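Single-structure report; data block below.
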Amino acid sequence: MLDIKRIRDNYTEIKEKLSHRNEDLGTFDQFETLDQQRRDLIAKTEVLKAERNQVSEQIAQKKRNKENADAEIAHMRKVGDDIKVMDTDLRDVEDKFRDMMMRLPNIPHESVPVGDTEDDNVEVAKWGDIPAFDFEVKAHWDLGTDLNIIDFERAAKTTGSRFVFYRGLGARLERALMSFMMDLHSEEHGYEEMLPPVIVNRDSLTGTGQLPKFEEDVFKLADTDYFLIPTAEVPVTNFFRDEILDDEILPKGFSAYSASFRSEAGSAGRDTRGLIRQHQFNKVELVRFVKPEDSYDELEKLTGHAEKVLQLLGLPYRKLKMCTSDLGFTAAKKYDLEVWIPAQGTYREISSCSNFEDFQTRRANIRFRREAGAKPEYVHTLNGSGLAIGRTVAALLENYQQADGSVVIPEVLRPYMGGKEVIQAPTK
RNA sequence: GGAGGAAUACCCAAGUCUGGCUGAAGGGAAUGGUCUUGAAAACCAUCAGGCGGGUUAAACCGCGCGGGGGUUCGAAUCCCUCUUCCUCCUCCA
């Protein structure tokens, strides 16, 4: 959520900034009207409430003295009714106002390039050499199927499309990647390891910004107010919801491994084959809680942590600074890391690293105090994938494939793979 | 799933039956001070924080006794509902 006072003071400027985003601004035009109505009603009801408090005190006094207070009581009955009516009006206005505010996207940071399409994203770095193959490369779904380590067909049978079984060394590879990434982040990058619930409530999804606007993107459990998490960002960021943190714990980083679930509404027909777009996938997510003045340095740091995973795995990638229209709803600034996918001859997103500034913490009410007695301030939050594991498997299989259809295991993963160096096609 | 019990400020805890100087007793912790060579102990003092309205800033006002509704002139106190925790039974990885 945005700072109401800031909008009040800079309405035109903020409206202009938001207009560069690829987002519907809803009823933002009504901001000034609703804001004014709201404040008027608050002022009016509070005058009456002050009177009620005062006169109730007098009534109490009279009652204690066994005096008659019928006149006051009659008068207060009227005041009470008026308050009730105004409170109802106020509630309506506040609901409207709040809903409007909750549907407004974050304001892009000044360093974010203005743009209308993904072509306006700026490549800021490129790492690794694109592998040259002297044979025809296979797509990861063919590699995985032929190696008997990935099974889409049976997953379609047991569940449906966009689900997958990993088996044998495929399952082992997924687990190895998870351990490798988690170890790297906790041992080298200073994150505290976390294993969160994969089901959250409505407040949590509202806190991180998925709700109220994007309810169709998440899976909801029937007859409950529970949702499957689309990313571990949701439970981990909400870990500190409604808390005032001690400034000594900042910056604080959590790395969380979890399954993520996405309905992929609106993506029908896209990436229908393979591991790129699944309803369920595993991901290591990095979440950081930092002081406002540090958050842009922290974004570089966080992105570096994700990049480190790709580098150690020897996967070629590029780093994009996302333009205003490609920021997503919640980010003020975002980098995407895209990994090379040989069979597609292109880079595909494997990590997204964002600075939300105080956008999420205003919603989730997460603050900190600089010192005892100081006014609480909103913390800044950041997060990034470090990395999406399914897409990492896809990239590994394709980039490390050999002419005979086998796949070499990157050295850093071998300790996690029982020393194995190659995934071979089954002999039988 | 069944039957009970509980939720009060940083912590513990009175008040709830019998609604009204309780904007919340009393402890503890914390902070400041006296004393002491220093510390401890003792003693004194301070100790809702927060949110919202308002203001140049204040003053001032409103809301807060788990959350949300309701009854009432008035609710920590009565009613409804939700959440969480505890005990017992049942079930279970």
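Any value given below was found using the heavy atoms of this structure, including those in side chains, with hydrogens, waters and symmetry copies removed. Letters A, B, ... mirror the listed sequences (proteins, then strands); counts begin at 1. Since this is a predicted model, take the numbers as computed values, not measurements.
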Can you tell me the distance, in whole Å, between the [atom1] atom of [X] and the [atom2] atom of [N]?
{"X": "A:Asn365", "N": "B:C51", "atom1": "CG", "atom2": "C1'", "value": "9 Å"}
{"X": "A:Glu243", "N": "B:C10", "atom1": "CD", "atom2": "P", "value": "13 Å"}
{"X": "A:His75", "N": "B:G74", "atom1": "NE2", "atom2": "P", "value": "13 Å"}
{"X": "A:Asn201", "N": "B:G67", "atom1": "CG", "atom2": "P", "value": "17 Å"}
{"X": "A:Arg202", "N": "B:U83", "atom1": "CZ", "atom2": "P", "value": "15 Å"}
{"X": "A:Arg369", "N": "B:A48", "atom1": "CZ", "atom2": "C1'", "value": "11 Å"}
{"X": "A:Ile83", "N": "B:U72", "atom1": "CD1", "atom2": "P", "value": "14 Å"}
{"X": "A:Ile366", "N": "B:C51", "atom1": "CD1", "atom2": "C1'", "value": "17 Å"}

Same-atom distance ([atom1]) from [N] to [M], integer angstrom:
{"N": "B:A9", "M": "B:G49", "atom1": "P", "answer": "14 Å"}
{"N": "B:C78", "M": "B:C85", "atom1": "P", "answer": "24 Å"}
{"N": "B:C63", "M": "B:A75", "atom1": "C1'", "answer": "14 Å"}
{"N": "B:C10", "M": "B:G50", "atom1": "P", "answer": "10 Å"}
{"N": "B:U90", "M": "B:G19", "atom1": "P", "answer": "42 Å"}
{"N": "B:A13", "M": "B:A76", "atom1": "C1'", "answer": "14 Å"}
{"N": "B:U84", "M": "B:G67", "atom1": "P", "answer": "15 Å"}
{"N": "B:U56", "M": "B:C73", "atom1": "P", "answer": "39 Å"}

**Fill in**
Contact string for nucleotides 52-62 of chain B, one letter per nucleotide 5' to 3', B = base within protein heavy-atom range under 4.0 Å, S = sugar-phosphate only, - = neither, reads BSS------BS
**Item:** A:Lys84 side chain near B:G69 phosphate (N/O to OP1/OP2, under 4.0 Å)
**Value:**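 Indeed not, no polar side-chain atom of A:Lys84 lies that close.
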Indicate whether the side chain of [X] and that of [Y] have a donor and an acceptor atom separated by less than 3.5 Å.
{"X": "A:Glu357", "Y": "A:Tyr378", "value": "no"}
{"X": "A:Thr324", "Y": "A:His20", "value": "no"}
{"X": "A:Thr330", "Y": "A:Asn106", "value": "no"}
{"X": "A:Asp70", "Y": "A:Asn68", "value": "yes"}

**Request:** Using the ring of A:Tyr191 (Phe, Tyr or Trp, six-membered ring only), decide whether A:Arg288 places NZ or CZ under 6.0 Å from its centre and within 45 degrees of its axis.
**Result:**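 Geometry flag: set, cation within 6.0 Å and 45°.
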**Request:** Compute both the distance and the angle, then confirm whether A:Lys252 meets the cation-pi test with A:Phe254: under 6.0 Å from the six-membered ring centre, within 45 degrees of the axis.
**Result:**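 Positive - A:Lys252 is close enough to the ring of A:Phe254 and near enough to its axis.
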**Asked** Would A:Thr303 and A:Lys319 satisfy side-chain hydrogen bond (donor to acceptor under 3.5 Å, both in side chains), going step by step from the backbone distance to the final call?
**Response** CA-CA 9 Å; A:Thr303 311; A:Lys319 176 179 171 184; 5.3 Å; no
**A:Met182 to A:Ser255 - nearest heavy-atom pair and separation** =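 Heavy atoms of A:Met182 and A:Ser255 come nearest at CE-O, 3.3 Å.
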**Prompt:** Quick check: are there more than 12 heavy atoms from other residues, nucleotides or ligands sitting under 6.0 Å from CD of A:Glu153?
**Reply:**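 Atom CD in A:Glu153 is not packed in, count stays at 12 or less.
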**Request:** For A:Lys62, answer base if it contacts any base atom (sugar-phosphate contacts may also be present), sugar-phosphate if it contacts only those atoms, and nothing otherwise; contact means non-hydrogen atoms under 4.0 Å.
**Result:**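 Since no nucleic acid heavy atom lies under 4.0 Å of A:Lys62, the category is nothing.
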**Asked** Base, sugar-phosphate alone, or nothing: which one does A:Lys375 contact when heavy atoms must sit under 4.0 Å apart?
**Response**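 Answer is sugar-phosphate: A:Lys375 comes under 4.0 Å of backbone atoms only.
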**By side-chain contact (heavy atoms from CB on, under 4.5 Å) - contacts of A:Glu216 (at least two apart)** =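 Expected list: A:Ala265.
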**Fill in**
Writing each nucleotide of RNA chain B 5' to 3' as (, ), [, ], | or . by Watson-Crick or G-U pairing under 3.5 Å yields ((((((((.[[[..)....(.....]]].(((((.......)))))...((((......))))..[[[[[..)....]]]]])))))))....
For nucleotides 19-22 of chain B, give me every protein contact, N/O to N/O, under 3.5 Å, one pair per line with atom names.
from, atom 1, to, atom 2, distance (Å)
B:G20, O2', A:Arg64, NH2, 2.9
B:C21, O4', A:Arg64, NH2, 3.4

**Prompt:** Between A:Glu188 and A:Lys308, does at least one N-O distance fall below 4.0 Å, as a salt bridge requires?
**Reply:**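 No, this pair does not count.
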With a 3.5 Å cut-off and sequence neighbours excluded, list the donor-acceptor pairs that the side chains of residues 225-246 of chain A form with protein atoms.
from, atom 1, to, atom 2, distance (Å)
A:Asp225, OD1, A:Arg202, NE, 3.2
A:Asp225, OD1, A:Arg202, NH2, 3.2
A:Asp225, OD2, A:Arg202, NE, 3.2
A:Thr231, OG1, A:Glu233, N, 3.0
A:Thr231, OG1, A:Lys283, NZ, 2.9
A:Glu233, OE1, A:Asn383, ND2, 3.3
A:Glu233, OE2, A:Gln360, NE2, 2.8
A:Glu233, OE2, A:Asn383, ND2, 3.3
A:Thr237, OG1, A:Glu233, O, 2.7
A:Asn238, OD1, A:Arg241, NE, 2.8
A:Asn238, ND2, A:Ser204, O, 2.8
A:Asn238, ND2, A:Val234, O, 2.8
A:Arg241, NH2, A:Ser204, OG, 2.8
A:Asp242, OD1, A:Asn365, ND2, 3.3
A:Asp246, OD1, A:Glu248, N, 3.2

**Asked** Between A:Tyr226 and A:Ile244, which has a closest nucleotide on RNA chain B that is more 5'?
**Response**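 The residue closer to the strand's 5' end, by nearest nucleotide, is A:Ile244.
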**Message:** For residues 38-62 of chain A, which residue pairs pass the salt bridge (Lys or Arg N to Asp or Glu O under 4.0 Å) check, not counting sequence neighbours?
**Reply:**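 Residue pairs with at least one partner in residues 38-62 of chain A: A:Asp35-A:Arg39, A:Arg38-A:Glu94, A:Lys49-A:Asp87, A:Lys62-A:Glu72.
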